[in-house]
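In what follows, every chain begins at residue 1, and chains take the letters A, B, ... in the order their sequences are listed. No experiment lies behind these values; they were computed from the predicted model shown.
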There are 2 protein chains.
Amino acid sequence: MKIWRVGEIAQLTGLTVRTLHHYDEIGLLHPAHTSEKGHRLYVEDDLQRLHHIILLKQLGFSLEEVKRLMTDPAFNPLHLLEHQLARINEHIQMQLDLRDRLNDIYSLMHRGQPVDPSRFMEVVQMINISRSKHFSREMAKNIQRNYTSMNSEQIREKNEEFRRLISGFRSEMEKGTPEHDPVVLDLARRWKSCLQDAAGDYDQLSRSAESYYRDHSDQALPFGMDGELYQFIRKAVLKI
Amino acid sequence: MKIWRVGEIAQLTGLTVRTLHHYDEIGLLHPAHTSEKGHRLYVEDDLQRLHHIILLKQLGFSLEEVKRLMTDPAFNPLHLLEHQLARINEHIQMQLDLRDRLNDIYSLMHRGQPVDPSRFMEVVQMINISRSKHFSREMAKNIQRNYTSMNSEQIREKNEEFRRLISGFRSEMEKGTPEHDPVVLDLARRWKSCLQDAAGDYDQLSRSAESYYRDHSDQALPFGMDGELYQFIRKAVLKI
DNA sequence: CTTACTTCCTAACGTGACGTGAGGTTCAAG
DNA sequence: CTTGAACCTCACGTCACGTTAGGAAGTAAG
């Protein structure tokens with residue numbers, strides 16, 4: 001009957017001694033024997049059990065789940081498998097989506113102007129909005145293409161115009177100016193052409209934007225936009 | 001100049017108050033002002049910064065990385081992006097592989113005999129070995145097909161035979177019996193036919209197995225197999 | 001002004017799966 | 001008998017917060 005000490009088990013399995021201590025602590029694997037001086041002594045069965053633990057861990061189960069799987073005979077592995085598959089599929093979807101976004105950002109940054117922090121945040125913001133579920137693939141591509149075609153001076157100018165328009169709308173809205181007022185209509189015309197420049201198709205963009213703002217109506221949005229203000233702008237644009 | 005309290009910020013951003021406390025603690029976002037009684041008071045700029053933090057977090061960066069990205073102007077976002085892409089790609093690969101294995105296990109269990117724990121571990125073990133890099137896709141499919149075609153009685157029998165053979169080889173090896181001894185040659189013949197049953201093509205299987213045992217030569221393997229014993233068996237089989 | 005309710009504060013522990021010491025004991029070899 | 005390796009038990013650190021606990025401040029109504 002061969003007996004192993006903790007360091008040998010560690011070598012055989014590729015785990016660390018600390019890990020084996022941990023498994024002992026949480027009751028996942030108590031060695032069969034303990035020497036009178038407290039040294040852990042493992043036997044064949046322990047090693048086998050440990051291999052099973054390692055396999056299950058590699059499948060992504062938590063130590064708690066591994067424990068239940070191995071000790072509770074009534075525990076249903078099939079159910080756990082389904083659960084795990086669902087978890088992992090969802091996870092994979094998120095990771096793939098994330099990768100796409102990172103890739104977009106990377107390629108926009110890479111062939112763009114020198115890396116300055118504020119521009120980086122702009123790109124990140126743009127990608128995150130255009131990649132949200134409210135915008136179609138085509139629209140996202142459009143926006144990105146237009147963005148890349150501009151140099152930093154043009155982008156700065158565009159952002160300024162955007163900011164001006166929004167604060168213009170906001171002050172009129174707070175003054176109570178009606179949407180059909182010439183001042184507001186002028187803002188609306190500039191607004192529409194500004195967005196048309198940026199995204200190509202205003203109507204489609206506005207549908208996407210509306211859905212976006214509906215989803216985020218209670219949140220503060222970039223440039224000081226919010227749901228209420230967007231409604232004001234929308235009505236004004238319809239009056240043109 | 002609008003000022004927000006911590007609860008309002010939480011609502012606007014969808015974070016919790018505790019999270020904002022945390023960001024304050026670690027110096028990621030100190031609110032612009034603090035009331036004389038210690039209440040946190042945020043201004044527009046803080047909100048903007050917070051939005052940036054949220055975006056970067058969604059891209060999978062740690063709070064530490066976010067902090068560096070936002071405060072250290074010399075910090076290179078491109079480099080970090082590359083790093084992050086590499087990380088995520090690796091991660092995705094692992095997850096996809098894991099999903100495949102889980103799916104294999106699931107379908108084997110699902111259409112198999114009633115779920116008993118020891119059989120579950122067998123399946124897991126089998127899938128994990130056959131899916132390791134040493135085995136070809138085709139070989140893995142072979143092994144799995146053969147496995148599903150057996151009922152639990154046959155599987156038990158097979159495992160027993162396997163165990164008997166291995167312990168037979170081991171005792172001969174430890175006695176110092178040479179590989180060309182008739183007793184060993186008989187074991188070798190049974191060994192070969194046993195594996196041929198299980199995997200179809202013995203030569204291909206043995207190449208895979210050899211590569212597998214080379215990789216795990218210093219580890220204890222299922223059924224009490226190890227690298228040294230495998231070499232003994234291999235030589236014996238060649239003598240047939 | 002009191003009461004009651006909400007929001008805010010700090011402080012401290014918990015999560016998961018260990019890593020990383022500190023400080024001391026035991027084992028195996030020379 | 002002495003060394004050095006391996007072992008032991010605490011116990012704190014990781015990461016991004018969640019979750020009480022206990023109390024102070026702010027706000028609205030009576």
Side-chain angles (χ1 to χ4, degrees), chain A residues 2-43 46 50 52-70 80 83-84 87-88 91 94 98, chain B residues 3-43 46 50 52-70 83-84 87-88 91 94 98:
Chain A
K2 180 134 176 54
I3 278 186
W4 291 269
R5 306 176 51 190
V6 63
E8 300 173 303
I9 296 283
Q11 268 210 319
L12 285 172
T13 56
L15 302 175
T16 67
V17 172
R18 176 66 179 103
T19 299
L20 292 165
H21 284 184
H22 184 59
Y23 291 173
D24 193 357
E25 274 172 30
I26 65 173
L28 181 56
L29 179 66
H30 293 309
H33 307 296
T34 308
S35 83
E36 43 179 313
K37 280 311 176 181
H39 288 199
R40 294 170 178 81
L41 302 173
Y42 295 81
V43 301
D46 295 331
L50 189 50
H52 288 176
I53 291 172
I54 293 170
L55 285 177
L56 293 174
K57 253 194 37 178
Q58 286 173 351
L59 292 182
F61 296 112
S62 72
L63 294 186
E64 192 54 39
E65 285 166 333
V66 170
K67 195 170 161 188
R68 283 214 298 276
L69 264 173
M70 300 189 63
L80 194 56
H83 184 64
Q84 182 72 359
R87 269 201 300 206
I88 208 172
H91 193 73
M94 285 177 44
L98 183 49
Chain B
I3 278 187
W4 292 270
R5 305 176 54 187
V6 64
E8 299 172 304
I9 296 283
Q11 268 211 318
L12 286 172
T13 56
L15 302 175
T16 67
V17 171
R18 175 66 178 101
T19 299
L20 292 165
H21 284 184
H22 184 60
Y23 291 173
D24 192 356
E25 274 172 32
I26 65 174
L28 181 56
L29 179 66
H30 294 310
H33 308 296
T34 308
S35 82
E36 44 180 312
K37 280 310 176 179
H39 287 200
R40 293 170 178 80
L41 302 172
Y42 295 81
V43 301
D46 295 329
L50 188 51
H52 288 176
I53 292 173
I54 292 170
L55 286 176
L56 292 174
K57 254 194 39 180
Q58 287 174 349
L59 292 182
F61 296 112
S62 73
L63 294 186
E64 191 54 39
E65 287 165 331
V66 170
K67 195 169 159 186
R68 284 216 294 279
L69 265 173
M70 299 188 63
H83 184 64
Q84 181 72 357
R87 269 199 301 204
I88 207 170
H91 194 72
M94 286 177 45
L98 183 49

Q) Looking across every strand, which nucleic acid part, if any, lies under 4.0 Å from A:S62 by heavy atom: base, sugar-phosphate, or nothing? A) sugar-phosphate

When rounded to the nearest 0.5 Å, the distance separating CH2 of A:W4 from CG of A:L50 is 11.0 Å

Rounded to whole Å, OH of A:Y23 lies from P of C:dG16 at a distance of 14 Å

B:L15 CG to D:dA16 P, in whole Å, measures 14 Å

Is there a donor-acceptor contact under 3.5 Å linking the side chains of B:R40 and B:H21?
-> yes

Inset, instruction - For D:dG18, take OP1 and OP2 only and decide whether either is under 4.0 Å from a side-chain N or O of B:T16. - result: yes

In whole angstroms, the gap separating C1' of C:dC8 from CG of B:L20 amounts to 13 Å

Review point. Is it true that a side-chain atom of B:E65 and a backbone atom of B:S62 form a donor plus acceptor pair closer than 3.5 Å?
Key: yes

Rounded to the nearest 0.5 Å, the CG atom of A:L28 sits from the CE atom of A:M70 at a distance of 7.0 Å

Per atom distances to the B:V6 side chain, the nearest of D:dA16, C:dC8, C:dT26 is C:dC8

Taken to the nearest whole Å, NE2/B:H21 to P/C:dA12 is 16 Å

Per atom distances to the A:K57 side chain, the nearest of C:dC18, D:dA16, C:dC8 is C:dC18

Testing C:dA17, D:dC8, D:dA25 for proximity to the side chain of A:H22, the answer is C:dA17

Judged by nearest nucleotide, the residue sitting upstream toward the 5' end of DNA chain C, B:R40 or A:T19, is B:R40

When rounded to whole Å, the CD1 to C1' distance for the pair B:I26 and D:dG13 reads 16 Å

Between CD of A:E25 and C1' of D:dC12 the distance, given in whole Å, is 13 Å

Problem - OP1 or OP2 of D:dA24 under 4.0 Å from side-chain N/O of B:K37 - result: no

Taken to the nearest whole Å, CD/A:E36 to P/C:dT26 is 10 Å

From CD of A:E64 across to P of C:dT15 the rounded distance in Å is 11 Å

Self-check item: Aromatic centroids of B:H91 and A:H91 separated by under 6.0 Å
Solution: yes

Considering only heavy side-chain atoms of A:R5, the closest of C:dC9, D:dC17, C:dC27 is C:dC27

Closest to the 5' end of DNA chain C, once A:R18 and A:H39 are matched to their nearest nucleotides, is A:R18

